[in-house]
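Shown next, in C-alpha cells, is the structure this report addresses.
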Amino acid sequence: MNQPSLLFRCFRHLVLLCGAFFFLMPFIWMLLTSFKPVDEIFSREITLLPTHWALIENYTLALTKVPLLRYMFNGIVVCAGILLLQLVINLPAAYAFAKLDFTGKKYAWALVLLALMIPYQATAIPIYIMLHYAGLLDTYAALILPFISSAFGIFLFRQSFRSVPDDLIHAARMDGMNELELVWRIMLPTAIPAIFAFSIFSLVWHWNDYFWPLLVVTSPDMATPPLGTTFFRNEDAGNNYGPLMAGTVLITAPLVLFFIVAQKRFVEGMTLTGVKG
C-alpha cells in the first residue's frame, strides 16, 4: 500500500491542528480571562494575554467568595456514587444479555435499545414527584438514584463481553464458579478498557449536568459544580468575570486531567467494543 505523500501528510496535520484550535479556543479564552483584571476583560481592545496579571486575586476570590471546594466535593461524591452503582448493575446485566439465554431476552434487549433513544429529561417530572413523596429531595440520593442504571453502559459492556470466548466461561463453570463469580472474576478483567471508556462518559456527563441538580437541589450546600457556578455568578452580581472564569477553570481541570490520563484506555475501549456485534 502506497504511503501518502509528504505534502498530503502536512496538509492533513494542518487541518487537524486548525480543527483542534477551533474547539480548544473557548477553553483557552476561559483560562486567559481568569488571569485578567476586570478592566482588561471589558476593554474594547481584544488582547490574548493580560497586561496586568490578576491570577492570584481571581483564584483567591474563586475559592473564598463561594464554597467552591464544597461544590467540587459534592460533584465527586455524586459522580463516584453514580459510577460505582452503574458498574454494579450494568456489568451483570450486560453479561446476561451477552452470554445467557433466558425467556424474553430479545424483548428485554429491545427495551434497552429503546431506552437509549429516550432522553432522561422526558422522565424527569415523574422521578421528581417520586423523590418528593419519598422525602429525598435536596439529598445525595436524589442526585444519584435516578442514574444508577445506564442503557448505554449495558450496551457497551455487552459488546465487550461478546468478544470473550464461550470456552473460557464453560471452563470456569466446570471449576465451580456461579454466574456472579463469572461476572466479577472472569468478565470484569476482560472489560477494563470498556470500563475506562464508560467511566469517562459517565463522569463527564454527570459532572457537567446542570438540568437535574437544578430540579432537585434547593440549598447551596448540596450544589454540584455547574449549579455552584450559578450561585457564584449571582453573588458576584454577574460583573466580575475574572473570578467566575477562575472557578470554571478549577471545575473543568479534573475532567481534563482524568481524560489525559485515561485517553489510551478510552480509545482502546471504544475500539474493542465494536470487534464483535
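- Atom NE2 of His206 and atom OG of Ser150 lie 7.0 Å apart (nearest 0.5 Å).
- The closest donor-acceptor contact from the side chain of Trp207 to the backbone of Val78 lies at 3.5 Å or more, if one exists at all.
- Between the side chain of Ser202 and the main chain of Phe198, no donor-acceptor pair closer than 3.5 Å is present.
- Of the inter-residue distances, the one linking Leu68 atom CG with Ile251 atom CD1 reads 5.0 Å to the nearest 0.5 angstrom.
- Here the side chains of Leu168 and Ile186 are in contact, with some heavy-atom distance below 4.5 Å.
- For Leu143 against Trp212, the heavy-atom pair with the smallest separation is CA-NE1, 4.1 Å.
- Under the 30°/60° scheme for interplanar angles, the aromatic rings of Trp53 and Phe35 are found to be tilted.
- In this structure the side chain of Thr252 reaches within 4.5 angstrom of the side chain of Met30, judged on heavy atoms.
- Remark: side-chain polar atoms of Arg70 are paired, donor with acceptor, to backbone N or O of Asp221 under 3.5 angstrom.
- Looking at Lys65, its side chain never comes within 3.5 Å of a backbone N or O of Leu244 through a donor-acceptor pair.
- Between Leu14 and Cys18, the closest side-chain pair of non-hydrogen atoms falls below 4.5 Å.
- In this structure, Leu85 CG and Ile144 CD1 are separated by 7.0 Å, a value rounded to the nearest 0.5 Å.
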* **Chi angles and distances behind the salt bridge (charged side-chain N to carboxylate O under 4.0 Å, His left out) call for Arg173, Glu179** => CA-CA 8 Å; Arg173 286 173 179 157; Glu179 300 303 325; 3.2 Å; yes
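- In this structure, Val249 and Tyr59 have side chains that are in contact, with non-hydrogen atoms separated by less than 4.5 Å.
- With contacts defined as side-chain heavy-atom distances shorter than 4.5 Å, the pair Met187/Leu91 does not qualify.
- Distance check, rounded to the nearest 0.5 Å: CG of Leu203 to CG of Asn208 gives 10.5 Å.
- Here Gln86 contributes atom CD and Phe157 contributes atom CZ; the two are 8.5 Å apart, rounded to the nearest 0.5 Å.
- Here the closest non-hydrogen pair linking Asn58 and Ser34 is ND2-O, 2.8 Å.
- Side chains of Asp209 and Tyr120: a donor on one and an acceptor on the other come within 3.5 Å.
- Tracing side-chain contacts under 4.5 Å through hydrophobic residues (I, L, V, M, F, W, Y), one reaches Ile56 starting from Leu69; they form part of the same cluster.
- Under the 4.5 Å side-chain contact rule for hydrophobic residues, Trp29 and Tyr241 share a cluster.
- A pairwise comparison of heavy atoms in Asn74 and Met222 identifies ND2-C, 3.4 Å as the closest pair.
- In terms of hydrophobic clustering, with Ile, Leu, Val, Met, Phe, Trp and Tyr side chains grouped at heavy-atom distances under 4.5 Å, Leu255 and Leu84 are assigned to different clusters.
- Rounded to the nearest 0.5 Å, atoms OG1 (Thr224) and CE (Met72) are 12.0 Å apart.
- For Met174, the CE atom counts as loosely surrounded, since its 6.0 Å shell holds 12 or fewer non-hydrogen atoms of other residues, nucleotides or ligands.
- Formation of a donor-acceptor pair under 3.5 Å by the Glu181 side chain with backbone atoms of Asn178 is found in this model.
- In terms of heavy-atom proximity, Ala141 sits nearest to Pro146 at O-CD, 4.0 Å.
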Can you give the donor-acceptor pairs under 3.5 Å from side chains of residues 102-114 to other protein atoms, not counting sequence neighbours?
unit_1	atom_1	unit_2	atom_2	d
Lys105	NZ	Phe97	O	3.0
Lys105	NZ	Leu100	O	2.9

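- Across Asn90 and Ile154, no two heavy atoms sit closer than the pair OD1-CG1, 3.6 Å.
- A side-chain donor-acceptor contact under 3.5 Å links His13 to the backbone of Arg9.
- Linking Ile, Leu, Val, Met, Phe, Trp and Tyr residues whenever their side-chain heavy atoms come within less than 4.5 Å places Tyr128 and Met130 in a single cluster.
- A 4.5 Å side-chain heavy-atom check between Leu116 and Phe152 finds at least one atom pair inside the cut-off.
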* Are Leu145 and Leu136 close enough, and set up right, to give a side chain to side chain contact (heavy atoms under 4.5 Å, CB included), and what steps lead you there? -> CA-CA 10 Å; Leu145 290 180; Leu136 295 177; 4.1 Å; yes
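- Ile195 is listed as a side-chain neighbour of Leu87, based on a closest heavy-atom distance under 4.5 Å.
- At distances below 3.5 Å, at least one donor-acceptor pair connects side-chain atoms of Thr229 with backbone N or O atoms of Pro226.
- Put simply, Leu31 and Met25 are part of the same group of oily side chains (I, L, V, M, F, W, Y) that touch within less than 4.5 Å, one to the next.
- When all heavy atoms of Ala223 and Gly228 are compared, the pair lying nearest together is CB-N, 4.1 Å.
- Enclosure of atom CZ in Phe211 by more than 12 non-hydrogen atoms of other residues, nucleotides or ligands within 6.0 angstrom is indicated.
- More than 12 non-hydrogen atoms from other residues, nucleotides or ligands lie less than 6.0 angstrom from CG of Leu257.
- Around atom OH of Tyr140, more than 12 heavy atoms belonging to other residues, nucleotides or ligands sit under 6.0 Å away.
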